[in-house]
Structures are given as C-alpha cells and as structure tokens.
*Asks:* 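Here it is: the structure, laid out below.
Order of the sequence lines fixes the chain letters, A, B, ..., with proteins taken first and strands second; residue numbering starts at 1 for each chain.
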Amino acid sequence: MSRSNDAVAGMLREYSELLAIAGGPAFKVRAYEKAARAVAGHPDDVTGLSGKELRGIPNVGDHLARKILEFLDTGSVTELVELRSRVPEGLRTLLTVPGLGPKRAHQVYEQLGITSIDGLLQALHEHRLQDLRGWGAKTEDNLAASLGEAHSAGERVQLGFALDLAEELLTRISAWPQVRRAAYAGSLRRMRDTIGDIDLLVAAGEAEPVMSGVVELPHVARVLAHGPTKTSVVTSTGVQVDVRVVQPDVWGAALLYFTGSKQHNIEVRELAVRAGLKLSEYGLFDVETGVLVAAETEEEVYARLGLPWIPPTLREGAGEVAAALGGRLPQLVRIGDVRGDLHTHTDLTDGVATLEQMVAAAKARGYEYYAVTDHAPLLYMQRMTREKALAQRKRIRELERTSGMSLLHGTELNVQPDGSLDWDEEFLSTFDIVVASVHSQFRQPRAEMTARVLRAIEHPCVHVIGHPTARVIGTRRPVDLDFDAVFRAAARTGTALEINAFPERLDLDGDLVRRARHLGVRFAVSTDAHAVPHLDFMRYGVATAQRGWAAPGDVVNTYPLDELRRFLAKPLVTAGERTFTP
DNA sequence: GCCGTTTTCGGCCCGACTGTTTTCAGTCG
C-alpha cells in the first residue's frame, strides 16, 4: 500500500477528529472522514497528482485537494496546525476508547480538564465522572471495562502495520553496499496477529556501517541501544525495532534463532543436545570437537537435526517439532493456492471503489473467480434494497462476459440477535454465495450468542459465517461462543467459517482455525475488501490459515470453480437435519 | 466540505441500543 496515501488519509482523519472534538459541524466532520477513506482506498499513489486529478477521487473537492497538495508539498497543513493548537493533544487518543466519542471527550476536557487516558483512569478511580451531566454509574463501569481492554492490548501493533513498516525498512537497508541479505524475523515472520517489536536480521561482512545506518534512518525517534552488532530503536510511530547483524555464512542459524518462538527454539535445541550438538545463532556445532556442522541455511540446520524445514507460521512450540519428526507436518495452504476472494464490498454499500474497479483489480491479481458481497438491508445505514441488489447482479453478469473471470454475486447478511437474517429464503437462494456475519449486539451471553450463530449456520442458504468472533484487535473482544458447538455444526452442515484477512480482524485466528480444522470445518480465506488495496490483505489471511495448520483442501477458495460450486450447493444440509427454521 | 442537481443551494448513511433521562443525547455500525 502506498505510504503517501496513508499519510494523507491520516492527516484528513486527524482533521476530522479534531473538528469533532472542537464541536465543528457534523457534516464537515463526516466530509473529512469520507475523504480520508477514499484516499486510503485509492489505488494510485496520490504523490504527484494534480489538483484536478485529486478532485477525481470521490469526496475530494476543491478545498481538500488544495489541503492535500499543501500537505504533500510541505508536510503540513496550516489550518490543521491551527486546529491542533485549539485541541489538547491527548484528547484525540481518548477517541480510541470504545464508548467515548467526541462529545464526551470534549465534556471531560471542558469540565474536568482531562486530556489523556491516564487522566481519565484517574478520574474514573475517583468516581468523578458520574457527576457529569448524562453520566452515571453504568457509563463509568462500561468505560472502565473498555479501558481495561485497551490497556491489555499493551503496546503491540497489528500485523499489517508492522509488516508494512518492516518491509519499508528492509528496502532501505538492503540497498546499503555492505548488506548481503536482510529479512524480518521474530513474531512478524511467524505472522502473529499482533507484534511487540520488529526483529530485523541483516547479513553483512562489515557490521559497523549497518549499525550506524540504522540509527540514521528517518523513521528513528529514539535510540535505545547501539552496539557493534545489535541496535534497538523506537520509530516515530512508537514501534521498537531491533536490528541484528551476523556474518553471511551463519544466516540460517541466526534466522532460525531470531524467528523463534522461544518454545520452538527450546525444543529444537533439545534435539540438538540429544544428538551431541549445540545450537545457537552462530550455528550448529559438535559439542566434543567444536566443529561447525551447519549454519548457512535453515534447511541445513533442520536437516542435521533430522527435521524437514518447518514453516515459520507453525513455530509456536505447539506440536510442530513432534509432527516434523514423525513426518506429519501439514502441507500448508499458500497464497498461490488461492483462486478467488469470497467476501468483498463495493461503493454500492460501504466500499470506496466501484464494482468495475474491484473486478479489474481482482482480475489483475490473476483470480479465477471473485465474489461481490455487499451488505444487506438490516445494516440500515447502507440502505440496501432488493432492487439495488438485482441491478448489481445484472451488471455483474454483463461484466462477467467481458472480464474473463467468473463472478459470483453474493451478499453479506446480518445475523440478528435471534439468529434471523435479512431477506427471505426464496430471494436468498438466488445469490451465488451468502456470507452471514454478526454486526451488532456483541455482548450477548454465551448461550444466546451460540444459538444465534447456530441458527445462521443451519440456514440452507448461508455458505460462510463472516468474521465469526467479530473481534477487532485492540478494540473489541471476541463474542462469547461455544466454539465446539459452532465448529461441529459448521462441519456437519458444510458451512465454511471465514478467516477474515483484514489486519484488524484476523478472525478466526490461528488457534481457533486449528481447533475447527480438527472437527472437520472448512474455511473461506477472504479479505472483506472495502477498497482496491485491501485485496492485498489476502496474505494475512493465508498466514492465519497456516497458523491454524490449514491445508489447501481445508480452504474452499483454493478449489477450482466447479468444485467450489459443489461446496456452495451445501449438499450436507437436508431439511430433516435442520434444527432451526428461519 | 462534497455533491448533484428540480445545477450555485440544500441536503448530507439512518436506525438501534444504552443509559440517562422523564423525552433524549451519545455512540456505534
């Protein structure tokens, strides 16, 4: 994703939020927010675009085009700087607390002088908030709960953010003359859904120039440590980056060591000890003679220990070493196995790209098929209607003839609190693919939530349950579900569970995928794209599937189209099996 | 501030939920 689009979108979003807190007109707040979304989702890099071209982006008009140009030109916007001076800096971070919007942020600032999350916690502790107009004990309780969650997320950043940053840093570092190889390691290479700090490994004959280069990188805000082979810095975005330099001939041993996980390394080193060997980041050595046995590649090191190469996404010390010893490692699904995306949106609902743009981008990715699944009427804000859906279907059928790619017309339904869905069964049966997701009432007790999701799974027209836990990383915890019951029902009815590839979601996560897989569940790895660049999130979804030990056969969108269609026919559901009737 | 006109003004995603009120404000999706 192009960085300048993200930077511009960030500027517009900040403007929108500051305006909201300052009590600016709501329509203006929304205008900035909409423009931010459009710019972030715009497929072309905005750098170098003319004012006229910028105005071609939806929701960007004269004023915003000028602000964007000023921003790209000077790195700043006069009016934004002025606005910042009127709103204390910390107030904006208060908006990240679920349940606290611009009005209440403004209120706690005006009446209690609170400008930070710490200040809010303090006031909460002293029960000073419930004296405010419109506040009560319950409001305080809810706020305390969401603050607790935000805090428990700690300083970790999302996978997508970390990977973008790591790749940008690696591009720079790899260009230095001393550098032979450079790669990210650690939890990022294992593709965990959140990343504590970024570990970069560099192979270079000479370490010193690399270490000095790292502290000079423009991203660096603070240097934590700066030694001959290891440097730790904090970036201006607050992420810690550890860079380690090794000799090129021990690359494999070092990469293995720095990729971890700790538990995986312990298990591998135990194997070494039992074989009279010693494993460190400098190589695999014979204990008696001290002779180096293997170090150059990971494959060599693993092989000398009697192991096949173990994919990083499996290295969690969760049975992968034993499986590797026994020849039982799964054949993992890979990005190249994916033949299509089964959950995407267009600007007919809340996407920012047109149907034509999304289809063209999917075609450019080389997909064999592509599903468009815009929202359904019960997500009221999207104002979907049967007529709009049918009109879209007509355009999809036309587009299919010219695009040379199979297009599936689908929809994303809303699973209501009682498990009922948008539209009737007769109309639903006319869609090629139906995704059903929970979008509201996330705090239902387990029994109700489970019954709700089970009813959707049992519905004969529902093919995929979208983002099954509805979590938003760092913001909203997963819903409370009896997963075994859900997984068994999904397996029995032939309903796929989604592995939503959006970096904020990654839902199901790797652990749940693994559990579900054991019960025979199949998965749809989908991006939930709302813009062209979001189609690239597929790699996060595939990595999450890998973390759940999923093979291509477990993932329905690796199937050729005819096989996918057989799956979507949901042959496993018969009327007699249904425990709920819609 | 943007957009689409019944084009240069007047609308702007719209309904549910929560917790507070005692008829509604704030937040969310």
Side-chain angles (χ1 to χ4, degrees), chain A residues 8 11-13 15-39 51-52 54-70 77 79-80 83 94-111 129-146 345-352 374-385 388 412-418 420 422 437-444 448 466-467 470-472 475-476 479 502 504-505 528 530:
Chain A
V8 170
M11 179 272 288
L12 294 170
R13 198 160 282 129
Y15 205 111
S16 164
E17 289 176 0
L18 293 181
L19 205 56
I21 298 171
F27 57 84
K28 206 163 154 181
V29 172
R30 267 200 306 276
Y32 277 88
E33 170 59 27
K34 277 157 70 178
R37 266 166 43 85
V39 170
K52 186 160 182 267
L54 286 173
R55 287 197 302 277
I57 300 173
N59 302 308
V60 176
D62 275 339
H63 282 82
L64 289 190
R66 271 204 296 277
K67 283 201 174 74
I68 292 170
L69 284 174
E70 184 187 351
V77 177
E79 285 175 72
L80 177 58
L83 191 54
L94 291 186
L95 297 185
T96 63
V97 180
L100 194 66
K103 292 279 164 47
R104 284 181 178 155
H106 184 75
Q107 193 183 16
V108 297
Y109 166 59
E110 279 289 312
Q111 296 182 25
L129 295 171
Q130 53 184 313
D131 300 334
L132 296 173
R133 180 168 178 77
W135 292 66
K138 284 285 253 197
T139 321
E140 271 199 355
D141 288 350
N142 288 337
L143 202 58
S146 37
H345 297 272
T346 74
D347 62 1
L348 182 60
T349 56
D350 58 351
V352 298
D374 271 314
H375 288 288
L378 288 170
L379 206 60
Y380 300 97
M381 58 180 171
Q382 305 302 346
R383 299 204 289 189
M384 178 56 97
T385 63
K388 285 185 186 177
E412 183 184 15
L413 304 178
N414 306 283
V415 183
Q416 297 297 98
D418 67 352
S420 61
D422 319 57
S437 314
V438 168
H439 289 128
S440 61
Q441 292 279 82
F442 302 106
R443 285 191 281 181
Q444 277 182 320
E448 283 170 39
H467 45 73
R471 75 161 175 174
V472 178
T475 300
R476 185 167 67 217
V479 299
F502 229 80
E504 287 85 347
R505 291 191 183 272
D528 200 355
H530 285 66

*Asks:* When the C1' atoms of B/dT20 and B/dT27 are considered, how many whole Å apart are they?
*Replies:* 13 Å
*Asks:* Quick one: on DNA chain B, does A/Gly134 or A/Asp62 contact a more 5' nucleotide (nearest heavy atom)?
*Replies:* A/Asp62
*Asks:* What interatomic distance, in whole Å, is found between C1' of B/dG10 and the corresponding atom of B/dT5?
*Replies:*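 Comparing C1' positions in B/dT5 and B/dG10 gives a spacing of 10 Å.
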*Asks:* How close or far is atom P of B/dC17 from atom CG of A/Asn414, stated in whole angstroms?
*Replies:* 13 Å
*Asks:* Would you indicate, yes or no, if B/dC3 has its OP1 or OP2 atom less than 4.0 angstrom from a side-chain nitrogen or oxygen of A/Lys34?
*Replies:* no
*Asks:* Throw together a table of side-chain donor-acceptor distances under 3.5 angstrom for residues 30-38 of chain A, partners on residues two or more places apart or in other chains.
*Replies:*
unit_1	atom_1	unit_2	atom_2	d
A/Tyr32	OH	A/Lys67	NZ	3.0
A/Arg37	NH2	A/Asp350	O	2.6

*Asks:* Could you check which nucleotide pairs with B/dG19 in any of the strands shown, counting Watson-Crick or G-U wobble with both distances under 3.5 Å?
*Replies:*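 Here B/dG19 is engaged in a pair, and the nucleotide opposite it is B/dC24.
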*Asks:* Within the pair A/Thr349 and B/dC13, is there a side-chain N or O less than 4.0 Å away from OP1 or OP2?
*Replies:* no
*Asks:* By ring-ring contact (aromatic ring centres under 6.0 Å, His included), which residues pair with A/His345, not counting sequence neighbours?
*Replies:* A/His343, A/His375, A/His530
*Asks:* Considering only B/dT20, B/dC13, B/dG1, which nucleotide approaches the side chain of A/Gln382 most closely?
*Replies:* B/dC13
*Asks:* Could you work out, with side-chain contact (heavy atoms from CB on, under 4.5 Å) as the rule, every residue matching A/Leu69, not counting sequence neighbours?
*Replies:*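 side-chain contact (heavy atoms from CB on, under 4.5 Å) check on A/Leu69 returns A/Leu54.
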*Asks:* How long is the line joining CD of A/Glu17 and P of B/dG1, in whole Å?
*Replies:* 17 Å
*Asks:* Counting side-chain heavy atoms from C-beta on, which of B/dG1, B/dC17, B/dT20 comes nearest to A/His63?
*Replies:*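 It is B/dG1.
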*Asks:* Side chain to side chain donor-acceptor pair (under 3.5 Å) with A/Gln416: which residues, sequence neighbours excluded?
*Replies:* none
*Asks:* Taking atom P in both B/dC17 and B/dC12, compute the distance separating them and give it to the nearest angstrom.
*Replies:*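 Those two atoms are separated by 23 Å.
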*Asks:* Do any side-chain nitrogens or oxygens of A/Arg30 fall under 4.0 Å of OP1 or OP2 in B/dG1?
*Replies:*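 Result: no.
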*Asks:* Who are the side-chain contact (heavy atoms from CB on, under 4.5 Å) partners of A/Val29, not counting sequence neighbours?
*Replies:*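 A/Ser16, A/Leu19, A/Ala20.
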*Asks:* What does the B/S/- profile of nucleotides 22-29 of chain B look like, 5' to 3', with a 4.0 Å heavy-atom cutoff to protein?
*Replies:* ----SSSB
*Asks:* Tell me which of A/Leu132 and A/Pro58 sits closer to the 5' end of DNA chain B, going by the nucleotide each one is nearest to.
*Replies:*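 By nearest-heavy-atom nucleotide position, the 5'-most residue is A/Pro58.
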*Asks:* Measure from the side chain of A/Asn59, starting at C-beta and using heavy atoms only, and say which of B/dG19, B/dG1, B/dC2 lies closest.
*Replies:* B/dC2
*Asks:* Expressed in whole Å, how much space separates the P atoms belonging to B/dG26 and B/dT21?
*Replies:*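 Roughly 13 Å separates the two P atoms.
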*Asks:* Roughly how many Å apart are B/dT8 and B/dG1, using the C1' atom of each and rounding to a whole number?
*Replies:*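 Each nucleotide's C1' atom is 15 Å from the other's.
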